[in-house]
Amino acid sequence: MSKKEYEQSHLYKIRHSAAHVMAQAVLEMFPKGKVAIGPPIEDGFYYDFDLPRALTTDDLKAIEKRMRNIIKKRHTFARRELSAEEAKEIFADQPYKIELIEGLETGGVDEYGEALPAGETPVISIYKHDTFADLCKGPHVENLGKINPKAIKLLNVAGAYWRGDENRQQLQRIYGTAWEKPQELKDYLARLEEAKKRDHRKLGKELGLFSIDAENLGGGLVLWQPKGGLIRHIAEEFCKNEHLANGYDMVYSPHIGKSALWETSGHLDFYKESMYSALDIDGQEYYLKPMNCPFHILMYKNDLRSYRDFPLRYAEWGTVYRYERSGVLHGLLRVRGFTQDDAHHFCREDQMPEEIDFVLKFCLHILRSFGFENFHAYLSTQPPEKSVGEAAQWRAAEKALEEALQRANIPYDVDEGGGAFYGPKIDLKISDAIGREWQLSTIQFDFNLPERFDMSYIGSDGKEHRPYMIHRALMGSMERFFGVLIEHFAGAFPVWLMPTQAMLIPIADRHVKYAEKVAAQLKIAGLRVEIDDSNDRMGNKIRKAQKQKIPYMLVVGDKEAEENTVAIRLRSGENLGPKPLDEFAAMALEAVEEKRSV
RNA sequence: GCCCUUGUAGCUCAGCAGGUAGAGCACUUCCUUGGUAAGGAAGAGGUCACCGGUUCAAGUCCGGUCGAGGGCUCCA
């Protein structure tokens with residue numbers, strides 16, 4: 001369902017109406033409470049309140065109960081349009097509503113304070129049910145009988161700033177969810193449970209993939225433990241080889257650079273709040289790099305460039321450091337130090353469409369190799385205010401991006417005016433195994449840096465020209481990519497990525513010798529194999545391997561040792577029975593080759 | 001950074017009218033040699049995040065600091 005369709009849907013009305021009911025319930029409990037705004041959101045709704053005290057989980061339960069009682073009375077929703085004066089009278093003791101009404105009065109914003117499309121004048125309307133009237137443009141259900149009291153639930157309370165501005169009043173936001181049928185609510189709650197089980201922070205700990213030691217090391221700084229490190233190594237090796245096979249040059253650059261570099265690039269003007277403070281080296285200021293581009297540009301400028309050199313593709317697994325406010329750090333998904341699979345393309349204008357086509361295809365190839373199949377792109381075009389570069393350049397670049405998306409047959413939305421000041425871009429989001437979207441890849445034009453660094457090449461006309469520059473990251477950052485990968489596969493990675501691909505499970509001590517022989521052979525065949533020679537019974541060895549999500553469990557006992565076989569159990573629980581060793585090796589290697597799971 | 005919640009053994013958690021720390025799993029050792037998700041026993045492991053206060057006495061109450069979780073804002 002698209003955003004537009006959602007806003008037309010019955011479900012949207014249910015949620016919007018549930019938000020009003022919640023506001024009524026809260027005001028009944030806190031007559032002096034102030035209400036802010038309460039829109040439907042994906043999967044539910046929220047409402048912001050300014051209350052005399054902090055809400056507890058018991059309050060949530062009480063509010064929820066009250067909501068059910070209100071709903072059962074099946075009040076009808078009545079819409080009424082009114083003048084600003086009258087609205088101000090009605091909401092005289094609701095300062096947030098007054099502010100919204102004033103916004104509507106002067107025009108340009110809707111009742112949530114969001115900017116309206118030019119030329120649209122807002123109509124002031126209220127919706128009233130029972131004792132509660134709210135400034136609202138609707139739509140709502142006709143009456144509360146349309147809401148199933150068993151299909152709503154309040155989820156949590158969180159802080160939120162009035163109008164998202166941290167300098168203004170902080171409000172209490174209650175999040176709730178509402179559905180048409182109780183079963184849908186149940187399914188939704190089950191999805192939340194499933195998401196919790198897949199949480200990469202939990203799995204990262206359980207599977208020994210990575211750790212973050214905020215106390216001793218620092219928040220947002222990731223330690224890749226051996227198993228996670230191995231997965232990263234395999235992923236990087238694959239990707240780097242693909243890059244080399246596709247016309248990229250692999251480059252390396254240092255982690256710091258002189259302040260002059262960042263002045264030229266403009267980062268110290270526009271990006272300083274995301275950069276760490278300067279290091280003093282022999283009286284000179286150096287900065288930790290938040291981006292790799294200036295380095296690649298210096299590499300470009302190291303030589304006189306000819307139009308014949310293009311396209312030039314510099315790729316680097318570049319580790320960058322960006323200041324993120326402590327409250328936003330989140331596992332691997334939001335960190336302070338991370339490694340981008342970064343690259344910069346330099347080309348001529350006439351090559352640009354082809355270059356975009358290439359990079360998008362290459363990007364999809366990489367993502368598909370890791371098991372992502374569903375993509376959604378967002379094309380962001382020139383912002384209406386302040387941007388660099390000529391309009392013709394922007395149009396040509398936007399056209400190239402859009403046509404590449406069409407050729408690649410990727411569904412996309414256009415975010416008019418959503419581009420950065422320095423160029424249009426494509427952000428590519430992937431959907432994971434349980435339907436959540438994650439942004440990984442970005443392909444972005446840059447009309448700014450070539451100018452700032454005065455980059456040039458000699459064209460066929462013998463004159464100097466400015467090259468086109470394209471930034472791109474496919475996996476985005478290794479950290480975020482890994483986090484998404486963990487959640488996508490719930491830790492059960494495809495065989496080629498598993499740190500341990502097969503666990504040998506000797507039934508008794510006397511079978512360890514045979515297991516060692518088998519392990520040695522499988523290692524020679526190129527598989528990553530371990531032996532569980534612990535004192536546990538077979539059942540527990542299987543349990544341990546299963547919990548580690550090891551794809552193949554190879555049970556060996558008297559029978560197997562005698563017949564030179566292994567009894568194969570898959571992590572799916574399927575038991576394939578005894579198979580000759582080379583048959584197993586061929587089977588596992590095929591799964592590796594095809595980047596399949598089991 | 002801000003608001004709410006929160007911080008006890010490697011992990012998951014109990015301990016609560018304030019009276020000198022507990023369980024399960026994991027770990028070590030021993031017994032057991034067992035055919036597809038937990039065999040048994042013993043042992044070791046914690047200055048209850050840190051600093052300060054109240055008290056005869058603080059894991060437990062109060063204040064501060066440092067972390068974590070859910071959000072806001074932002075983003076690879």
Side-chain angles (χ1 to χ4, degrees), chain A residues 46 48 50-51 53-57 59 155-175 196 199 201-202 205-206 208 211-219 273-274 290-292 318-320 322-342 427-428 438-442 444 471-484 505-512 534-548 553-560 567-571 573-578:
Chain A
Y46 69 79
D48 288 345
D50 187 353
L51 302 175
R53 67 168 172 86
L55 292 169
T56 66
T57 45
D59 291 330
L155 300 173
N156 55 334
V157 196
Y161 297 101
W162 170 235
R163 295 199 154 169
D165 183 345
E166 67 182 11
N167 297 313
R168 306 202 60 181
Q169 180 67 35
Q170 184 147 25
L171 308 168
Q172 296 191 67
R173 174 171 297 178
I174 304 178
Y175 282 93
K196 227 184 229 174
D199 190 316
R201 293 167 299 181
K202 180 171 172 284
K205 202 177 272 184
E206 286 170 8
S211 57
I212 292 173
D213 186 342
E215 263 113 319
N216 299 302
L217 212 205
E273 67 282 7
S274 295
M291 294 188 192
N292 303 301
T319 303
V320 297
R322 297 183 188 171
Y323 172 71
E324 298 283 1
R325 311 217 284 174
S326 60
V328 309
L329 300 175
H330 182 89
L332 294 176
L333 299 179
R334 198 67 186 279
V335 295
R336 283 177 170 165
F338 56 98
T339 302
Q340 297 179 302
D341 64 325
D342 205 1
D427 288 323
L428 202 61
W438 304 91
Q439 193 199 318
L440 300 172
S441 319
T442 167
Q444 184 142 22
H471 306 258
R472 50 112 279 199
L474 308 184
M475 297 190 267
S477 82
M478 297 312 289
E479 285 74 11
R480 175 177 287 181
F481 187 80
F482 192 37
V484 172
I505 299 181
I507 289 176
D509 286 351
R510 66 176 181 282
H511 307 123
V512 170
S534 68
N535 208 4
D536 290 314
R537 294 192 128 86
M538 186 200 63
N540 200 28
K541 290 181 184 178
I542 286 176
R543 182 167 187 270
K544 287 190 296 180
Q546 189 76 45
K547 283 178 75 172
Q548 287 298 304
M553 284 157 263
L554 306 178
V555 177
V556 292
D558 290 331
K559 217 164 48 176
E560 288 77 13
I568 307 167
R569 181 200 154 97
L570 305 180
R571 69 181 164 201
E574 194 182 350
N575 192 343
L576 301 184

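Throughout, a chain's letter reflects where its sequence line sits, starting with A, and its residues are numbered from 1.
Comparing rC72(B), rA37(B), rG70(B) against the side chain of K547(A) picks out rA37(B) as the nearest. Counting only heavy atoms from C-beta on, K205(A) has its side chain closest to rU12(B) among rG1(B), rU12(B), rC75(B). Distances from the side chain of R537(A) to the nucleotides rG39(B), rC74(B), rG35(B) place rG39(B) closest. When distances run from any side-chain atom of M538(A) to the nucleotides rG35(B), rG69(B), rG34(B), the shortest one goes to rG35(B).
For E324(A) against rG1(B), no side-chain N or O and base N or O form a donor-acceptor pair under 3.5 Å. Between the base of rC72(B) and the side chain of R325(A) there is no donor-acceptor pair shorter than 3.5 Å. One donor-acceptor pair, N or O on each side, does fall under 3.5 Å between the base of rU32(B) and the side chain of N535(A).
Across all strands shown, V320(A) has no heavy atoms under 4.0 Å from either base or sugar-phosphate atoms. Using a 4.0 Å heavy-atom cutoff across all strands shown, A214(A) reaches sugar-phosphate atoms only and no base atom. When heavy atoms are screened at a 4.0 angstrom cut-off, G557(A) is found touching base atoms of the nucleic acid. Residue contacts shown for L440(A) are limited to sugar-phosphate atoms, with no base heavy atom under 4.0 Å away. Q548(A) comes within 4.0 angstrom of nothing in the nucleic acid, heavy atoms only. Residue contacts for D165(A): at a heavy-atom cut-off of 4.0 Å it reaches no nucleic acid atom on any strand shown.
Here R543(A) does not reach the OP1 or OP2 of rA26(B): none of its side-chain N or O atoms lies under 4.0 Å away. When the side-chain nitrogen and oxygen atoms of R173(A) are compared with OP1 and OP2 of rC4(B), none of them lie within a distance under 4.0 Å. Distances shorter than 4.0 Å separate none of the side-chain N or O atoms of T442(A) from OP1 or OP2 on rA76(B). For Y161(A) and rC4(B), the shortest distance from a side-chain N or O to OP1 or OP2 is not below 4.0 Å. Checking the phosphate oxygens (OP1, OP2) of rG71(B), no side-chain nitrogen or oxygen of H330(A) falls inside 4.0 Å. A close approach under 4.0 Å does not occur between any side-chain nitrogen or oxygen of R569(A) and OP1 or OP2 of rG35(B).
Remark: ring of F338(A) overlaps the six-membered base ring of rA76(B) in a stacked fashion, centroids less than 5.5 Å apart, planes less than 30° apart.
The P atoms of rU60(B) and rA21(B) are separated by 13 Å, rounded to the nearest whole Å.
Applying the ring-ring contact (aromatic ring centres under 6.0 Å, His included) rule to H471(A) yields the partners H344(A); only residues at least two apart in sequence or on another chain are considered.
Atom CZ of residue F481(A) and atom CD of residue Q340(A) lie 14.5 Å apart, to the nearest 0.5 angstrom.
The shortest distance between side-chain heavy atoms of R173(A) and V157(A) does not fall below 4.5 Å. Residues I568(A) and M553(A) fail the side-chain proximity criterion, which asks for heavy atoms closer than 4.5 Å.
Taken together, the paired segments of RNA chain B that extend over three or more consecutive Watson-Crick or G-U pairs, each closer than 3.5 Å at both contacts, are B:1-7 with B:66-72, B:10-13 with B:22-25, B:27-31 with B:39-43, B:49-53 with B:61-65.
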